[in-house]
J.: 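Dropping a structure here in structure tokens format, bear with me for questions.
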Amino acid sequence: MQPLHGRTALVTGATSGIGKATALALANLGARVTITGREEARLAAAVRDIPGAQGVVCDVRDAEQCARLLPALQADLVVANAGLAIGVDKLHEGDCAEWSLVVDTNVKGVMHTYRHTVPHLVGLGRGDFVFLGSVAGRQVYPGGSVYCATKHAVRAFYEAARLELHGSGVRLLTVDPGMVETDFSRVRFRGDTTRAAAVYAGAEPLAPSDVADAIAYAVTRPAHVNIGEIVMWASRQASTTLLNRKS
Ligand code: NDP
Ligand code: 8X3
């Protein structure tokens, strides 16, 4: 029997990167997986790569959409993954509209996802809720103020949720990776693929599948074991600002 046979998983923002790799890993372990994203075409392409998956167009920023669509999925394994950064501007120089997009996605999006899935987990008296945090939720770096603030918020949600759900049977996990090679930097640099590639050059970054492996490990532990926090780095990365690139 596959370890996640009979489980119903939801991964938000799974059209690429960590979310897609996680959805694939959970499906391969036997879970029935629903993935979300903002665009029908990108979602359909991702669904094709994940055995048995279904796609639901749902923008995590949209409270009404999340309230309407997420509870019906009755997921007992939820990965709040959707997130992004835009720019590396200093706090006194950044663009207010871009900040809103980042805060609404990374903070309010996680709140909407949590609010509209966790009541079902509590009702079941079991299940897993996984926050995709970041080392940016533990350290800050120049040019990262807004993104780091959003990931510090995610860390606060995780810590408060642990206390609020104490005794409920629901397990909580925050996975906080360092550098992972995905579309993240392309999005951050507003589509500039050359600049995005330079972020990863010689860094031997984590792959999305490395993060997916860690999540899969945590959610396949026996019910009495709750892996709470996973911080994972590329071996060449010591902190958000200290990277030993291969020459
Ligand atoms: P990607 O850009 O590859 O994936 C981001 C995903 O989020 C896409 O599937 C995108 O889908 C989705 N998404 C963005 N906005 C929304 C929204 N409003 N509603 C629904 N889905 C949305 O980046 P990553 O895989 O790297 O990022 C995934 C998570 O991992 C993020 O929370 C990020 O902060 C975190 N992280 C990333 C690290 C890295 O170095 N890459 C390190 C640590 C954490 P679509 O555009 O199709 O809507
Ligand atoms: C993404 C990792 O260090 O670019 O969360 O903020 S970092």
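Because the structure is a prediction, the values reported are computed rather than measured. Just follow the structure's listing: the first ligand is 1, and inside any ligand the first atom is 1. Along the sequence shown, the residues carry numbers beginning at 1.
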J.: Side chain of Glu181, backbone of Pro205: donor and acceptor closer than 3.5 Å?
T.: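 Looks like no, no N/O pair under 3.5 Å.
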J.: Please classify the Cys58 to ligand 1 contact at 4.0 Å (heavy-atom distances, strictly less than): side chain, backbone, both or neither.
T.: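 Contact part for Cys58 vs ligand 1: backbone (N, CA, C, O).
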J.: Among protein heavy atoms, which sits nearest to atom 44 (C) of ligand 1, and what does the distance come to when rounded to 0.1 Å?
T.: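 Going by distance alone, atom 44 (C) of ligand 1 is nearest to Gly133 O, 3.2 Å.
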J.: Against heavy atoms of Gly17, which atoms of ligand 1 measure under 4.0 Å?
T.: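 Those atoms are 3 (O), 25 (O).
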J.: Does Lys151 come within less than 4.0 Å of ligand 2, judged by its heavy atoms?
T.: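 Contact absent.
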J.: Do me a favour and list the nearest non-hydrogen protein atom to atom 25 (O) of ligand 1 with residue, atom name and distance?
T.: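 So the nearest neighbour among protein heavy atoms is Ile18 N, 2.8 Å.
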J.: Is Asp59 near ligand 1, meaning one of its heavy atoms is under 4.0 Å from it?
T.: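 Heavy atoms of Asp59 do come under 4.0 Å of ligand 1.
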J.: Return yes when atom CZ of Arg190 has more than 12 non-hydrogen atoms of other residues, nucleotides or ligands closer than 6.0 Å, and no otherwise.
T.: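 Counting neighbours around CZ of Arg190, more than 12 heavy atoms of other residues, nucleotides or ligands fall under 6.0 Å, so yes.
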J.: Using a 4.0 Å cut-off to any heavy atom of Gly178, which atoms of ligand 1 qualify?
T.: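 Checking each atom against Gly178, I get 40 (O), 42 (C), 43 (C).
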J.: Heavy atom to atom 27 (O) of ligand 1, shortest distance: which of Ala82, Ala41, Gly83 holds it?
T.: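 The residue whose heavy atom sits nearest atom 27 (O) of ligand 1 is Gly83.
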J.: Just wondering, are more than 12 heavy atoms of other shown residues or ligands nearer than 6.0 Å to CZ in Arg188?
T.: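 Yes, CZ of Arg188 has more than 12 neighbouring heavy atoms, counting only those of other groups under 6.0 Å.
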J.: Give the ring-plane orientation class for Phe131 versus Tyr158, where under 30° counts as parallel, over 60° as perpendicular and anything between as tilted.
T.: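 If you compare the ring of Phe131 with that of Tyr158, the planes turn out perpendicular.
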J.: Among all protein non-hydrogen atoms, which one is nearest to atom 43 (C) of ligand 1, and what is the separation to 0.1 Å?
T.: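 Ranking protein heavy atoms by distance from atom 43 (C) of ligand 1, first comes Pro177 O, 3.2 Å.
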J.: Quick one: side-chain contact (heavy atoms from CB on, under 4.5 Å) partners of Trp233, sequence neighbours excluded?
T.: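 Partners of Trp233 under the side-chain contact (heavy atoms from CB on, under 4.5 Å) test: Val135, Gln139, Val231, Gln237.
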J.: Is it true that Glu229 and Arg162 have a side-chain N and a carboxylate O under 4.0 angstrom from each other?
T.: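 Looking at Glu229 and Arg162, the cut-off is not met.
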J.: What closest approach, in Å, do Ile215 and Leu132 show between heavy atoms, and which atom pair accounts for it?
T.: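 Taking Ile215 first and Leu132 second, the nearest heavy atoms are CD1-CD2, 4.0 Å.
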J.: Provide, to 0.1 Å, the distance between atom 4 (O) of ligand 2 and the closest protein heavy atom, together with that atom's residue and name.
T.: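 Protein heavy atom at minimum distance: Tyr141 OH, 3.6 Å.
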J.: Under 4.0 Å from a heavy atom of Leu132: give me the atoms of ligand 1 that qualify, with their elements.
T.: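 Those qualifying, in numeric order: 30 (O), 35 (C).
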J.: Does even one non-hydrogen atom of Gly109 get within less than 4.0 Å of ligand 1?
T.: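 Gly109 does not count as a contact of ligand 1 under the 4.0 Å cut-off.
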J.: For atom 24 (P) of ligand 1, what's the nearest protein heavy atom and its distance?
T.: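 Answer, as residue, atom name and distance: Thr182 OG1, 3.5 Å.
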J.: Is the closest side-chain donor-acceptor distance between Thr193 and Arg186 under 3.5 Å?
T.: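 Side chains of Thr193 and Arg186: no pair found under 3.5 Å.
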J.: Using a plain distance cutoff, I'd like to know if Ser134 has any nitrogen or oxygen under 3.5 Å from a nitrogen or oxygen of ligand 2.
T.: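 N/O-N/O distance below 3.5 Å exists for this pair.
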J.: State if Asn81 counts as touching ligand 1 under the rule of any non-hydrogen atom under 4.0 Å.
T.: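 For ligand 1, residue contact (heavy atoms, under 4.0 Å) with Asn81 is present.
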J.: State whether the side chain of His152 and the backbone N or O of Ala136 hold a donor-acceptor pair below 3.5 Å, judged by distance alone.
T.: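 Here the side-chain-to-backbone pair exists.
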J.: So which heavy atom in the protein is nearest atom 12 (C) of ligand 1, and how far is it from that ligand atom?
T.: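 Sorting protein heavy atoms by distance from atom 12 (C) of ligand 1 puts Gly13 CA, 3.4 Å first.
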J.: What protein heavy atom lies closest to atom 4 (O) of ligand 1? Include the residue and the distance to one decimal.
T.: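 Minimum-distance protein heavy atom for atom 4 (O) of ligand 1 reads Ser16 OG, 3.2 Å.
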J.: Heavy-atom distances under 4.0 Å decide this one: backbone, side chain, both or neither, for Lys151 against ligand 1?
T.: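 The answer is the side chain of Lys151.
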J.: Judging by distance only, is a nitrogen or oxygen of Tyr147 under 3.5 angstrom from one on ligand 2?
T.: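 The answer is yes, given that Tyr147 and ligand 2 share an N or O pair closer than 3.5 Å.
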J.: For ligand 1, which is the ligand I care about here, please tell me if Gly19 has any N or O atom under 3.5 Å from one of the ligand's N or O atoms.
T.: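 N/O-N/O distance under 3.5 Å: no.
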J.: Nearest to atom 14 (C) of ligand 1, what protein heavy atom do you find, and at what distance?
T.: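 So the nearest neighbour among protein heavy atoms is Arg38 NH2, 3.4 Å.
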J.: Which ligand 2 atoms are under 4.0 Å away from a heavy-atom of Ala136?
T.: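 So the atoms of ligand 2 that pass are 6 (O).
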J.: For a 4.5 angstrom cut-off between non-hydrogen side-chain atoms, does Asp128 reach Val78?
T.: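 Side chain of Asp128 against side chain of Val78, heavy atoms only: no contact under 4.5 Å found.
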J.: Indicate yes or no: does Asp59 engage Arg38 in a salt bridge with an N to O separation below 4.0 Å.
T.: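 Answer for the salt bridge query: no.
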J.: Under 3.5 Å, side chain of Arg245 to main-chain N/O of Ala201, donor-acceptor pair present?
T.: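 Confirmed, Arg245 side chain pairs with Ala201 backbone.
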J.: Hey, are the side chains of Val88 and Tyr147 touching, using non-hydrogen atoms and a 4.5 Å cut-off?
T.: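 They are not in side-chain contact.
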J.: By the definition side chain to side chain contact (heavy atoms under 4.5 Å, CB included), identify the one residue from Leu29, Leu77, Thr220 that meets it with Arg7.
T.: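 Result: among Leu29, Leu77, Thr220, Leu77 is the only option passing the side chain to side chain contact (heavy atoms under 4.5 Å, CB included) with Arg7.
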J.: Is Arg188 touching ligand 2 with its side chain, its backbone, both, or neither, if touching means heavy atoms under 4.0 Å apart?
T.: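 For Arg188, the contact with ligand 2 is made by the side chain alone.
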J.: Hey, is Pro205 touching ligand 1 through its side chain, its backbone, both or neither, going by heavy atoms under 4.0 Å?
T.: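 The answer is neither.
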J.: Any idea which atoms of ligand 1 are less than 4.0 Å away from a heavy-atom of Met179?
T.: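 Checking each atom against Met179, I get 40 (O).
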J.: Closest non-hydrogen protein atom to atom 9 (O) of ligand 1, residue and atom name please, with distance?
T.: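 Scanning the protein heavy atoms, the shortest distance from atom 9 (O) of ligand 1 goes to Thr15 OG1, 2.7 Å.
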J.: Using the side chain to side chain contact (heavy atoms under 4.5 Å, CB included) definition, which of the options Thr113, Leu10, Thr36 pairs with Cys58?
T.: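 Running side chain to side chain contact (heavy atoms under 4.5 Å, CB included) over Thr113, Leu10, Thr36 with Cys58 returns exactly one hit, Thr36.
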J.: Heavy-atom contacts under 4.0 Å between Arg42 and ligand 1: side chain, backbone, both, or neither?
T.: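 It is the side chain that touches ligand 1; the backbone stays farther off.
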J.: Could you pull out the closest heavy-atom pair between Asn106 and Val110, with the gap in Å?
T.: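 Minimum heavy-atom contact is O-CG2, 3.1 Å.
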J.: Is it the side chain, the backbone, both or neither of Val60 that has a heavy atom closer than 4.0 Å to ligand 1?
T.: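 Both the backbone and the side chain of Val60 come within reach of ligand 1.
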J.: Could you tell me, atom by atom, which parts of ligand 2 come under 4.0 Å of a heavy atom of Phe184?
T.: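 Listed by number with element: 1 (C), 4 (O).
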J.: Compare every heavy atom of Gln2 with every heavy atom of Gly30, then report the nearest pair and how far apart it is.
T.: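 Distance-wise, the nearest heavy atoms are CA-OE1, 3.4 Å.
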